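Written below as structure tokens is the structure these notes are about.
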Amino acid sequence: MGSLTTKSPEETLIFGENFGKCLKPGDIVLLFGDLGAGKTTLTQGICKGLGLPVGEYIRSPTFTLINEYLGKIPIYHIDLYRMESLAEIESLGLEEVLFGTGVSIVEWSEKLFPIDNNPSPILGIDERIEVRITYEDESRRSFCVQPVHMEARSFPDFSLQ
Ligand SMILES: Nc1ncnc2c1ncn2[C@@H]1O[C@H](COP(=O)(O)OP(=O)(O)O)[C@@H](O)[C@H]1O
Ligand SMILES: [Mg+2]
């Protein structure tokens, strides 16, 4: 699907907010991108779009693994940064969250994919929205949004309006 380039963290928040408004209970958003790409910034915008009151403190759940926020629906913000193997991730019981009725947003989704270029993530994840973030320069980031196996849903072409 579409891609879009933001020129500041503020623009990324606006994009995230528009994107968040399109999400529904049970949706899984997989974020890909290096440290500093903008995964957490985008997540902040998504949370706003899902009705989380502005001012709620949203940060990478690097030490807690998972943060839960209560927007109009539960939001689970998961950070796999510290996970060292597929087996470790599989031992967490994340399925309960991922296949529940909240929206799940995963940072470091690269770690859900076996290294042999298998296009399917582990944990039985099938329908998902993949967002790949590329660092263009200090203030610009590109976002490529690709829903996978979500043919029944339509997403707009995101703009920064
Ligand atoms: N266009 C942009 N979109 C998002 N973040 C940006 C942008 N330009 C600069 N930044 C900066 O990049 C950093 C992104 O950090 P963060 O969202 O925590 O990334 P990640 O969670 O991927 O490690 C922040 O310091 C932010 O201010
Ligand atoms: Mg982060």
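The structure displayed is predicted, hence computed values, not measured ones. We count ligands from 1, going down the list as the structure has it; atoms in each ligand are counted the same way. Along the sequence shown, residues are numbered consecutively beginning with 1.
Contact annotation for Asp34 and ligand 1: only backbone heavy atoms (N, CA, C, O) come within less than 4.0 Å of the ligand. If you look at Glu107 next to ligand 1, the close heavy atoms, those under 4.0 Å, all belong to the side chain. Here Thr6 has heavy atoms under 4.0 Å from ligand 1 in both its backbone and its side chain.
Take Phe113 and apply the ring pair (Phe, Tyr, Trp, His ring centres under 6.0 Å) test, not counting sequence neighbours, and it matches Phe32.
The closest heavy-atom contact to atom 5 (N) of ligand 1, among the options Thr41, Ile133, Thr43, comes from Thr41.
Using a 4.0 Å cut-off between a side-chain N of Lys or Arg and a carboxylate O of Asp or Glu, Asp137 and Arg140 qualify as a salt bridge. Arg153 and Glu151 are not joined by a salt bridge, as no carboxylate oxygen comes within less than 4.0 angstrom of a charged side-chain nitrogen.
At least one heavy atom of Ser8 sits under 4.0 Å from some atom of ligand 1.
Below 3.5 Å of separation, one finds no N or O of Leu35 facing any N or O of ligand 1. Between Ala37 and ligand 1, an N or O atom pair is found at a separation short of 3.5 Å. Looking at ligand 1, you'll find an N or O of Thr40 within less than 3.5 Å of one of its N or O atoms. Annotation: Lys7 places no N or O atom under 3.5 Å from an N or O atom of ligand 1; distance criterion only.
Taking backbone and side chain together, Thr40 holds an N, O or S atom under 2.8 Å from the Mg ion (ligand 2). For the Mg ion (ligand 2), the N/O/S atoms of Glu107 include one lying under 2.8 Å.
With a 4.5 Å cut-off on side-chain heavy atoms, Ile78 and Val29 do not count as touching.
Residue-ligand proximity, Gly38 to ligand 1, at heavy-atom distances under 4.0 Å covers atoms 14 (C), 16 (P), 17 (O), 19 (O), 20 (P), 22 (O).
Ring planes of Phe155 and Phe158: tilted class, angle from 30 to 60°.
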Distance-only donor-acceptor hits, side chain of residues 95-105, under 3.5 Å, sequence neighbours excluded:
none

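Looking only at distances, no side-chain donor or acceptor of Asn18 sits under 3.5 Å from a matching main-chain atom of Phe15.
Closest non-hydrogen pair, Lys111 versus Tyr81, comes out as NZ-O, 3.2 Å.
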